[in-house]
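Counting starts at 1 for both ligands and their atoms, following the listed order.
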Amino acid sequence: MDEQFAQDVMHGLSAEPKYLTSKYFYDKKGDALFQEIMALDEYYLTRCELEIFQNAKEDLLIQFSNSGKSFDLIEFGAGDGKKTKVLLDYFLKKGADFTYLPIDISQNALNLLAADLRQSLPSLKLETLRGEYFAVLSQLEQQPGRTKVMLFLGSNIGNFLKPVAVDFLSQLAHTLAAGDLLLLGVDLIKDPKVVASAYNDQLGVTKAFNLNLLTRINRELGGDFNLKEFIHAPFYDPETGAARSCLISNSPQTVSIERINATFHFEAWEPIYMELSQKYRIEELEQLARQSGFSIIKHYYDSKKYFTDGLWQVSNKTDK
Ligand SMILES: C[S@@+](CC[C@H](N)C(=O)[O-])C[C@H]1O[C@@H](n2cnc3c(N)ncnc32)[C@H](O)[C@@H]1O
């Protein structure tokens, strides 16, 4: 993992324009900062998805269990699992036969999640899996008679460029069996002011979350980033629906990273692209599902229609 981190940093900072990969935000400090982000007034996404789950949990259980069948609930990038817990709690109360398998790249996030769930939902069948999404998923055997229900929540799909999202979901459809399900949480196109402030909070937590990746590079790879020399500059393009966060060098400077034996020059006002949070229109989601081998069973919405959780089913099995 360390080697991969080093390689990805080398690759990203050598590129034109420079970028860093957002999956590396999540060290111990990054996990905690993301929990703070989810609690911010401006960060509506978590509250919207929580509202959807509270209202749709009954219907989701009917759909997931196909009226009584057992299932594996596999979550990509589970984080602290706060929203998922609403479903887990309800499913257990209803006596559903299921196992919860959260997959996350952050061992720290999985440890905290497991400790919380063992304490609050002791009867839950739980198997935590650490690693990259597909590296882990491809190792899971298909259990005869059990449906795989994938959860990919919090608009994590928005971290991918649109063509990459098609590839990602196609790979997912290919790995799953016909009839398996995906619950995909997606942030929708809305008032640009609402979106922009979600990534530019008053308290500066999102800024700290972005800068923490430079701290991680300093600590783990022997970098000498001076955090004071970078400003946080998020922006939203209402035409494409792309919210992006950047760190911008406020002066000409050179940064050295010892473990990869490299130096990187920054011009004044040169950006490092940090994270994409792509927003979608419903028609685009319908197209995305078709292109990647899924059909959409239904969309669930929050009361403001800011966010949707789409229930998708693998529709296009030709070679599995
Ligand atoms: C933005 S958080 C979202 C957490 C949760 N899904 C939610 O909706 O609140 C993203 C989570 O995905 C994990 N993650 C990011 N990229 C990953 C990858 N490529 N493979 C596995 N986990 C990843 C991170 O460690 C983090 O816990």
Side-chain angles (χ1 to χ4, degrees), residues 1 4-5 7-8 12 19-40 43-54 73-88 100-117 128-140 149-161 164-165 167-169 171-172 175 182-187 198-199 201 205-206 208-210 212-213 216 243 245 274-279 300 302 306-310:
M1 176 54 63
Q4 192 60 50
F5 181 38
Q7 274 178 31
D8 288 346
Y19 69 90
L20 289 168
T21 308
S22 58
K23 68 182 173 191
Y24 295 116
F25 281 157
Y26 301 93
D27 63 356
K28 212 168 184 173
K29 180 84 189 289
D31 289 337
L33 285 167
F34 188 70
Q35 280 188 286
E36 278 185 52
I37 288 175
M38 289 193 294
L40 289 168
Y43 199 78
Y44 57 86
L45 293 84
T46 306
R47 284 190 303 277
C48 290
E49 200 167 37
L50 199 55
E51 181 194 330
I52 293 172
F53 287 1
Q54 273 152 354
L73 196 58
I74 306 169
E75 180 162 3
F76 271 171
D80 74 354
K82 181 179 160 200
K83 292 166 292 183
T84 312
K85 236 170 114 174
V86 172
L87 301 183
L88 301 176
Y100 176 51
L101 302 105
I103 298 175
D104 206 289
I105 201 172
S106 164
Q107 186 64 55
N108 173 61
L110 287 174
N111 290 348
L112 294 172
L113 177 62
D116 176 36
L117 291 175
T128 60
L129 302 160
R130 193 215 167 173
E132 289 271 349
Y133 301 136
F134 285 111
V136 176
L137 185 64
S138 58
Q139 286 162 16
L140 296 180
V149 179
M150 301 298 307
L151 303 178
F152 197 32
L153 308 178
S155 209
N156 282 14
I157 190 73
N159 295 150
F160 301 134
L161 290 166
V164 180
D167 289 349
F168 183 89
L169 292 167
Q171 190 179 349
L172 182 58
T175 311
L182 165 67
L183 189 69
L184 184 67
V186 185
D187 198 16
Y199 299 95
D201 62 279
V205 186
T206 316
F209 183 61
N210 278 266
N212 181 56
L213 181 45
R216 181 175 184 184
S245 61
M274 303 295 285
E275 188 169 51
L276 166 68
S277 303
Q278 180 67 49
K279 314 300 165 193
Y300 302 91
D302 62 291
Y306 278 1
F307 197 94
T308 185
D309 279 282

Worksheet item: Listed by chain and number, what are the side-chain hydrogen bond (donor to acceptor under 3.5 Å, both in side chains) partners of Y199, not counting sequence neighbours?
Response: K279
Worksheet entry | Sequence neighbours excluded - side-chain hydrogen bond (donor to acceptor under 3.5 Å, both in side chains) pairs with any residue from residues 152-161 | N159-E275
Worksheet item: Between D201 (side chain) and T206 (backbone), is there a donor-acceptor pair under 3.5 Å?
Response: yes
Discussion item. Quiz question: by atom type and distance under 3.5 Å, do the side chains of D8 and T21 form a donor-acceptor pair?
Written reply: no
Anything under 3.5 Å between an N or O on ligand 1 and a protein N or O? List each pair with its distance, or write none.
from     : atom 1 : to   : atom 2 : distance (Å)
ligand 1 : 6 (N)  : G77  : O      : 2.7
ligand 1 : 8 (O)  : K83  : NZ     : 2.7
ligand 1 : 8 (O)  : G154 : N      : 3.4
ligand 1 : 9 (O)  : K83  : NZ     : 3.4
ligand 1 : 14 (N) : Y133 : OH     : 3.4
ligand 1 : 16 (N) : Y133 : OH     : 3.3
ligand 1 : 19 (N) : E132 : OE1    : 3.0
ligand 1 : 20 (N) : Y133 : N      : 3.3
ligand 1 : 22 (N) : I105 : N      : 3.0
ligand 1 : 25 (O) : D104 : OD1    : 2.5
ligand 1 : 27 (O) : D104 : OD1    : 3.3
ligand 1 : 27 (O) : D104 : OD2    : 2.7

Response to the item:
Hits for salt bridge (charged side-chain N to carboxylate O under 4.0 Å, His left out) against K28, two or more places apart or cross-chain, chain-then-number order -> none
Practice prompt. First locate atom CG of N111, then atom CG of D116, and finally report the distance between them rounded to the nearest 0.5 Å.
Written response: 12.5 Å
